[in-house]
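Keep in mind that this is a model prediction, so the values were computed, not measured. In this chain, residues are counted from 1 in sequence order. All ligand and atom numbering here is 1-based and tracks the order in the structure.
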Amino acid sequence: MILEIRTAGDPVLKKIAVEVTKVDKRLRKLLDDMAETMYATEGVGIAAPQVGQSIRAVVVDVDHERYDLINPVITYSEGSAIDTEGCLSCPELFGEVERAEKIRVEYTTRFNKRKSLEADGLLARCIQHEVDHLNGRLFIDIAKNITKGKPEKV
Ligand code: CO
């Protein structure tokens, strides 16, 4: 089921999302709906607050591999990189964001196993962007050179 995306200005996007305490069928259905919504809008990541649920759950897929990250915690980060980002909650807006280049994230899977993932490049960027959503932060709060419409690459 495709869910309605909340956009900047909606108070749910500013809230600190709460920890997920129960990994059950209902949560898995929400994750599947979030994934469907993300794929339908050609996004590479989506966080639960973006669909109005203030809980710590995100779905990312940057390279045809989907990760459902429940209660994600970035436990290590290294380096820094600047690249252009956009967000389903900020239609048309793009901006340059500095992020760690490499991260490790610990998370709970949709089947309630605690796991760890090392990521770099776009996947690392995407996870950091989504974890920011769980902390009430949008990329436009930290981006530089925000433009309406995708900027030309030089
Ligand atoms: Co976003």
For the Co ion (ligand 1), does an N/O/S atom of Cys90 lie at less than 2.8 Å?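 Looking at Cys90, which is the residue asked about, there is no N, O or S atom under 2.8 Å from the Co ion (ligand 1).
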Could you tell me whether Arg137 and Asp132 make a salt bridge, using a distance below 4.0 angstrom between a side-chain N and a carboxylate O? yes
Charged N to carboxylate O below 4.0 Å: is that the case for Asp24 and Arg28?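 Looking at Arg28 together with Asp24, the answer is no, because their closest N to O distance does not fall below 4.0 Å.
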ang(NE2 His133, the Co ion (ligand 1), SG Cys87) rounded to 10° is 100°
Restricting to N, O or S atoms of His129, which is nearest to the Co ion (ligand 1)? NE2
Flag for Ser116-Glu106: side-chain donor and acceptor within less than 3.5 Å: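 The criterion, which ignores hydrogens and geometry beyond distance, is not satisfied for Ser116 and Glu106.
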Going by side-chain contact (heavy atoms from CB on, under 4.5 Å), Ser89 matches just one of Leu13, Val12, Asp10. Which one?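 In the set Leu13, Val12, Asp10, the residue that makes a side-chain contact (heavy atoms from CB on, under 4.5 Å) with Ser89 is Leu13.
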